[in-house]
Structures are given as C-alpha cells and as structure tokens.
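Data first, discussion second: the structure below is written as structure tokens.
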There are 2 protein chains.
Amino acid sequence: MSVPGMRRRRGPCRALTEDEILEAALDLLDEGGPHAASVRGIAARVGVAPNAVYTYFPDKAAVIKGLVERLLGGVDHDVFADREQPWRQRVEALALELRAHLSAHPGAVPLMIGGPMNGPQALALNERLLQLLADAGLNPTDAARASYLLIVYVFGSIALEVADVHQAGPLPPESERITTREAAFSATPTEGFPGSAEAAAAMAGYVSTEQYLWGLGRILDGVTARVAPLANLTARGATTDDPEPAEMPGPAGRRGIHSA
Amino acid sequence: MSVPGMRRRRGPCRALTEDEILEAALDLLDEGGPHAASVRGIAARVGVAPNAVYTYFPDKAAVIKGLVERLLGGVDHDVFADREQPWRQRVEALALELRAHLSAHPGAVPLMIGGPMNGPQALALNERLLQLLADAGLNPTDAARASYLLIVYVFGSIALEVADVHQAGPLPPESERITTREAAFSATPTEGFPGSAEAAAAMAGYVSTEQYLWGLGRILDGVTARVAPLANLTARGATTDDPEPAEMPGPAGRRGIHSA
DNA sequence: ACAACATTTGGACGGCGTACAGCAAGAGTT
DNA sequence: AACTCTTGCTGTACGCCGTCCAAATGTTGT
C-alpha cells in the first residue's frame, strides 16, 4: 500500500536536512570569511563525514547556489509590498532591506555575485521589483531596464562595500569602516593628485548609508525624469540646498542611446 | 662603489619578471576561468618551480592584486581624456572602454570585485573620473558621490554580466549570450508570474550594450538633473583652480547596516 | 527472511597554497 | 684568484581542499 507521493525512500532515515547544511555553511561563512565554507568544514559542523554532504547536494557549487537562494529568500518582502506608500519609499525600503540583510553575511556576497543569479528567489525579487516599477507608471520596457539597473546598483554597492574590508568575520560598524578607509587613503601618498586630504575623506565616505541612498536617489531621479517628468515629487525630494527643482536634464541630456 | 640606484642585487639574475608572471596568470585566467589561476599553474606556464613565484610576490593575494592593477592600468585613458568633447560622451567612452577591456578577461572580474580596489591604478581611475565630473560642473561633494556611483554601476554591471555565463574561457558574443539567457528564462516555468514570455525577453536583454548605456544614461540624468540644469554646455569649464574641501559627511547615516 | 535500495563512512587521489632546507650563481671583499 | 655573503631557484613536505570508490549500515518492499 504505497501512496505514490508518500513513498518514503528505501534507505535509512537521513541524519539531517538540506537546510541544516546551508545554515552550517552560512555560519562558517560568517565566522571565517568566504574561504571557510568548505565541504569538510560544513560536514564537521553538522557532525557527519565530509562526503556525507554529497547525499544532499551534488557538489559544492550546488551548496553555494542553495545558500544564495536561502539568503535571497530571507529578505523581508513586506517592507516594500505596502502599496499605500509612495513607490519611491518602497524602492528605498527594498534597497535598505537588501543591503542590511546581505551585509549581515559579508562572506556570502562574493559567492553571490560570483555565479549567475538564476534561482527562484532571485527571479522573484526581480519580479517584485518589476511590478513595483510598473506600479510607479513605467512602461514594461523601462520597468525592466530600471529593474536591472537597480539590481546592478544594489548588488554592486554591497559587493564593493564588503570587498573593501579585508578581514573575515562580521562587518565592523559603518563608522569604523569609514574611519579605516580614511586612514588608509590618507596614508597612501596619492602621488601628485590634487587635494589628497579631502579626496581621502570623500573616498572614505563612499561606504556609507548616506552615499548609498544618494546614489539610489540619483538613479530614481534619472529613471523618473524621462518617463514621468511631472508626476513625481511625492516622495522625498532633494535634500540639499539646490534651489532648482531640476525639471529636466540639460542640453546634453537628449543624446540618446545607440538604440538598436 | 656602486651607484645606489644601479646597485644590482647580490644573487644570481632573476629568471623572469613580475610582469611575465602576471601575464601568465592572466592567460591562464582567460583560458580556464577564475579557478585556473593557481600558483602552480602560473609557475608551470612560465617554466619554474611552483614556489619560485614567491620570489616575486609574497603570496597569491599579491599576485591577484598585481593582476587587477595591471588590468586596470590597461584601460585606454585617451578615449575620455579629450576635454574638447562634451563630458557626457567622455563618461560614456570611459564606461564603454572599461566594459570592453574587462569583459575581455571575464575570469579576472570576480577577482577584481572580490578584493578592495586600493591600488594606484584604481585610485587613478577614480581621480580621473572625479576630475571629469568636476569639469562637468559638479561641486566636489557631488562629484565624489557621482564618481563612486558610476564606479559601482560600471563594475557591478560587468560583474553581473560575466557571472551570468557559467562556462570558462572568453565571453561569447553578446547576441549569443542574450539568446542563451532567453532560452534559460523561457525554460523556467516562472510560476504564475505575469507575462512570462516578454519578461524572459526583457531579462535576456539585460546583458546588452544597449541596457548598459541606458542605465548609464539614467544615472547621468539623475546626477545632472539636480546639480547643473543650465550651466553645462561644454566641458570647457573653469579649471577648478581652488576646489573647496569636499567635506564628505562622515557616519551621519544611521539606518541600515550593523553587524550581527 | 530476503532482496533492493538509500545513507553514511573510511580511505584515497589529485590539486591547492606555502613553509623549510639546500644548492647554484653572481657581487663584494681581500 | 679565493672567499664570503647575499640572492634565486628547487625538492620536499605539510595540511587543506573537493570528490570518487568500495564497503558497512540501516530501512523498506516482497
């Protein structure tokens, strides 16, 4: 009497689950950096022989893939799914949530951008972003392009940010990282470059939430400028002392793409 | 008595140079993917014992660092140094040159974004970009922020692009990559997502020069929209003889990242 | 009970980065 | 020229890596 779906596999019960393996891998990654997520280390942490991992994943690449999917699946979708809020704030919330969630596991970020993000969670994220931009009034083509632009910006920012700290383990707090960068850049001679001191200060501030949100804001400005030149301004506008609302880019802006 | 600069080292002549090692590493990287740049492989290619590499570089990380520097040093600075052209075209030329140059060595791109880009060539690139944006009329703070935004976009785009192809060796031509992506995305069921066919086509087109330039254009739109709506006719601006200190605010942003 | 199968394990193979000791080769000194 | 000192390269070895293979163990179906 074998229920076709319930048919328990022939052999002995498995000692663990895929999720335990992925969790162990993530823990090792957080503790020891990207180098520490070895099959042997994972197996030792969950208490099995090194090659027992191959019962659950065909090879290490599959473990990494599953790990990335698990990480992407952990982003809180509710923060930006509230369609009552203005869409710009929803995008900002998504970007901040992604950055916070991924920066909490800096060792996993190089593995993420090292391989193709094809998994269901990556597709779901893209899909949600597409819908969000479509809600904002963009046509499907622009929504798709803007979606990828935002993905590139978010993941590129996070990648450059976590790549900037050379030590393993969790990321130091933002202020400490900026201070370290400041010291590093001011120590470098910067042979003959103008304004080395203030340049060091500026480049140190690259890895800040403020820079992150500034770049995101400029991208959203550029995306909305051409599609809805008047309908925005609902979300938080310019934050600095620019007097002009800047309706359209200057005369150089009309130069289009080499459109195929 | 020996001239202090001419003082040849005491021991026997070195069999090779650092550049030969880096070139061999780059060749291996191009042929066999990021995995193939092993110290032993490099040594075998240049015809020495595996540990002879450590005469020239202290460890493998130094080889990678030198390799990245060599790659960044290979970008043609003349394409965007022409200050007669409008600055937007100069930025586009820089972005295209960087993409072409780095995409020619896809195996090296993960190594590039895997570590901090602190080298002199990276700093020089940043510095040139800063000056270019300052020429465009941006104040130092916005120029610094826009410079990093552009760097994030360029390197993030290239990283996602080369990470999309799973096989080693040189990148297939763009059309082939798009076709492959199209097939992959249309094969995926995309469970219940709206517009799977056109979504697949749109996502396949992400890895195209057109998408790349579109995103770059939106970023430049967003950057220029708020800072110089009128003043940037030509790049022949003031020489920025006395740049104000680009006080980049420090750890002012409080949201987002903290570890653990 | 028996057979079929999944799971896990011990062991091994090749490759990796790299440390250590020894040997060859050139420069400086006598 | 002989000696020494410094430097470059090699042989060897250690520990770690990912992964395969054969055997042992446990579980289900007949």
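Residue numbers start from 1 in every chain, and the chains themselves are labelled A, B, ... in the order their sequence lines are given, proteins ahead of strands. In this text, all values refer to a predicted model and were calculated from it rather than measured experimentally.
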- prompt: Is the shortest heavy-atom distance from the side chain of A:Val154 to the side chain of A:Leu102 under 4.5 Å?
  reply: no
Residue mapping more 5' on DNA chain D - nearest nucleotide basis, B:Gly47 or B:Pro12: B:Pro12
query: Between B:Thr17, B:Ile21, B:Asp19, which is the residue that forms a side chain to side chain contact (heavy atoms under 4.5 Å, CB included) with B:Tyr56?
result: B:Ile21
query: A:Ile42 CD1 to C:dT8 P: how many Å, rounded?
result: 15 Å
message: For the backbone of A:Tyr212 and the side chain of B:Tyr148, can you confirm whether one donor and one acceptor N or O come within less than 3.5 Å of each other?
response: no
query: Any donor-acceptor pair under 3.5 Å linking the side chain of B:Glu69 with the backbone of B:Gln121?
result: yes
Polar pairs (N or O, both sides) under 3.5 Å between protein and nucleotides 14-19 of chain C?
unit_1: C:dC16; atom_1: OP1; unit_2: B:Ser38; atom_2: OG; d: 3.1
unit_1: C:dG17; atom_1: OP1; unit_2: B:Val39; atom_2: N; d: 3.0
unit_1: C:dG17; atom_1: OP1; unit_2: B:Lys60; atom_2: NZ; d: 2.9
unit_1: C:dG17; atom_1: OP2; unit_2: B:Val39; atom_2: N; d: 2.8
unit_1: C:dG17; atom_1: OP2; unit_2: B:Arg40; atom_2: N; d: 3.3
unit_1: C:dG17; atom_1: N7; unit_2: B:Arg40; atom_2: NH1; d: 2.3
unit_1: C:dG17; atom_1: O6; unit_2: B:Arg40; atom_2: NH1; d: 3.0
unit_1: C:dT18; atom_1: OP2; unit_2: B:Tyr54; atom_2: OH; d: 2.7
unit_1: C:dT18; atom_1: OP2; unit_2: B:Lys60; atom_2: N; d: 3.0
unit_1: C:dT18; atom_1: O5'; unit_2: B:Tyr54; atom_2: OH; d: 3.2
unit_1: C:dT18; atom_1: O4; unit_2: B:Arg40; atom_2: NH1; d: 3.4
unit_1: C:dA19; atom_1: N6; unit_2: B:Asn51; atom_2: ND2; d: 3.0

query: Think B:Thr55 has a side-chain N or O under 4.0 angstrom from the OP1 or OP2 of D:dG8?
result: no
message: Side-chain N or O of B:Arg14 versus OP1/OP2 of D:dG8: is the shortest distance under 4.0 Å?
response: yes
- line: Within residues 19-33 of chain B, those residues having any heavy atom closer than 4.0 Å to DNA chain C are none
message: Can you tell me if A:His77 has over 12 outside heavy atoms packed within less than 6.0 Å of its NE2?
response: yes
- line: Those residues at least two apart in sequence (or on a different chain) that pass ring pair (Phe, Tyr, Trp, His ring centres under 6.0 Å) with A:His35 are none
- prompt: Do the charged groups of B:Arg45 and B:Glu31 touch, with an N to O distance under 4.0 Å?
  reply: yes
- request: Indicate, with a heavy-atom threshold strictly under 4.0 Å, whether B:Tyr56 touches base, sugar-phosphate, or nothing.
  value: sugar-phosphate
A:Arg10 side-chain proximity, nearest of D:dT10, D:dT28, D:dT7: D:dT28
Distance-minimising heavy-atom pair for B:Glu174 and B:Ser208: OE2-CA, 3.3 Å
